[in-house]
Amino acid sequence: MREGLADLAANNSGVFTRAQAMAAGYTGRQIRLLVEAGLWARLRHGILVDAEQLALADDQARAVLDVAAARLTVSMPTVGSDRSAASAHGLPLLSGGRSVFLIGSRSVRRGTSKLPVLVRRAALPEDHCTALNGVPLTTVARTVSDLSVAVPKPDAVVAIDAALHRGLVTVEELAAVAAQVGTLPSLMQVLPECDGRSESPLESISRLRLLDQGIALPELQHEVRGPDGRLLGRVDFWWHQSRVAGEADGLQKYDSPDTLRDEKLRQESLEQAGVRVVRWTWAQITEAPWEVAARLRSAFAASER
């Protein structure tokens, strides 16, 4: 890539326009041949990136590229926001879609061949902005504060739990940002149900679904010890009075025979110490949470006998 174009692209996560390439001295035919040869790739109509960079991009890096490309399609300065900023920051989302969300000086809704661009007008103090690979984004605190208004509660809780768990933001920072932009009432509807001890979206959703079923809030990430003080295991959910443990089983949790064997031995140790273990999967807690709640109630009742 020619030096002038390389500098422009480097300031926008490697993304550039066809017009910028031509201004750097490439002809239309050369650009077409570079795309056909698999050296450059089209992100949007007239928006290009190095094909190898795109191939190596994980979901988070791809989200940054999507914002970078979308910004080049609107004729005003913009900042990646909402779901797009959450993805770029590596925060999990339950629902997505193919829109790219930006904040600009006016509201715009534009369609492209693949990804619609939604630009909303909003107050954006300078300290609510950051950048990744040269691409302007709302900060984590501003992003999740906006999500408390823009997405359903479960989606917002999952994102906030992850941000808190990773130490990307504090509750105090969230409240301060939300107070600045007027989203504090919405945030306060969500924040009491958030907990940075949750280690996955499955754990966050499990907590919400069990609350909906009338199950008391458990302790999270509890270390269960035997009579001699030996650590028997750390459990996702713990109801101390009943000595009942809840385990949310994600697919990545048992990714090898050794891991599965170790988990079996851990559960046996817990059960030998009088702990009742109730397990569930994503499908079980999201599609039939009442069944998981019934199994937990049975475990609670059994411990009282």
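FYI, the numbering just counts along the sequence from 1.
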Given the rule that I, L, V, M, F, W and Y join up when any side-chain heavy atoms are under 4.5 Å apart, are [X] and [Y] in one cluster?
{"X": "Leu54", "Y": "Leu39", "value": "no"}
{"X": "Val278", "Y": "Leu210", "value": "yes"}
{"X": "Val117", "Y": "Val108", "value": "yes"}

Grab the two heavy atoms, one from [X] and one from [Y], that are nearest each other, plus how far apart they are.
{"X": "Ser107", "Y": "Arg120", "answer": "OG-CA, 3.8 Å"}
{"X": "Ala69", "Y": "Ile47", "answer": "CB-CG2, 3.6 Å"}
{"X": "Leu137", "Y": "Ala88", "answer": "CD1-CB, 3.7 Å"}
{"X": "Ala141", "Y": "Val169", "answer": "CB-CG2, 3.6 Å"}
{"X": "Val119", "Y": "Gly104", "answer": "CG1-N, 3.6 Å"}
{"X": "Gln30", "Y": "Tyr26", "answer": "OE1-CA, 3.3 Å"}

Using a 3.5 Å distance criterion without hydrogens, assess whether the side chain of [X] forms a donor-acceptor pair with backbone atoms of [Y].
{"X": "Trp239", "Y": "Ala216", "value": "yes"}
{"X": "Glu199", "Y": "Gln221", "value": "no"}
{"X": "Arg142", "Y": "Asp127", "value": "no"}
{"X": "Asp236", "Y": "Ala248", "value": "yes"}
{"X": "Ser87", "Y": "Ser84", "value": "no"}
{"X": "Arg276", "Y": "Ser242", "value": "no"}

How about [atom1] on [X], more than 12 heavy atoms from neighbouring residues, nucleotides or ligands closer than 6.0 Å, or not?
{"X": "Glu52", "atom1": "CD", "result": "no"}
{"X": "Asp58", "atom1": "CG", "result": "yes"}
{"X": "Glu36", "atom1": "CD", "result": "yes"}
{"X": "Arg2", "atom1": "CZ", "result": "yes"}
{"X": "Arg166", "atom1": "CZ", "result": "yes"}

So among Val64, Thr139, Thr130, which one has a side chain to side chain contact (heavy atoms under 4.5 Å, CB included) with His89?
-> Thr130
Can you measure from [atom1] ([X]) to [atom2] ([Y]) and round to the nearest 0.5 angstrom?
{"X": "Ser204", "Y": "Asp155", "atom1": "OG", "atom2": "CG", "value": "11.5 Å"}
{"X": "Ile285", "Y": "Trp280", "atom1": "CD1", "atom2": "CH2", "value": "6.0 Å"}
{"X": "Arg106", "Y": "Thr78", "atom1": "CZ", "atom2": "OG1", "value": "10.5 Å"}
{"X": "Arg197", "Y": "Glu203", "atom1": "CZ", "atom2": "CD", "value": "11.0 Å"}
{"X": "Leu296", "Y": "Gln213", "atom1": "CG", "atom2": "CD", "value": "10.5 Å"}
{"X": "Leu102", "Y": "Leu118", "atom1": "CG", "atom2": "CG", "value": "8.5 Å"}

Does the side chain of Arg207 come under 3.5 Å of the side chain of Ser198 through a donor N or O and an acceptor N or O?
-> yes
Would you list the atom pairs, donor with acceptor, under 3.5 Å between side chains in residues 170-191 and any protein atom, with sequence neighbours excluded?
residue: Thr170; atom: OG1; partner: Glu173; partner atom: N; Å: 3.1
residue: Glu173; atom: OE1; partner: Thr170; partner atom: N; Å: 2.9
residue: Gln180; atom: OE1; partner: His128; partner atom: NE2; Å: 2.9

Do Leu147 and Leu93 have side chains that get closer than 4.5 Å, going by heavy atoms?
-> yes
Go through Leu48 and Leu34 one step at a time and tell me if the side chain to side chain contact (heavy atoms under 4.5 Å, CB included) criterion holds.
-> CA-CA 10 Å; Leu48 302 158; Leu34 285 165; over 6 Å; no
Quick one: ring-ring contact (aromatic ring centres under 6.0 Å, His included) pairs with a partner in residues 168-227, sequence neighbours left out?
-> His222-Trp238
Can Val144 and Leu168 be said to form a side chain to side chain contact (heavy atoms under 4.5 Å, CB included), step by step?
-> CA-CA 11 Å; Val144 294; Leu168 301 177; over 6 Å; no
Give the C-alpha distance, both sets of side-chain angles, the deciding distance and a yes or no for side chain to side chain donor-acceptor pair (under 3.5 Å) between Thr143 and Thr138.
-> CA-CA 6 Å; Thr143 298; Thr138 52; 2.6 Å; yes
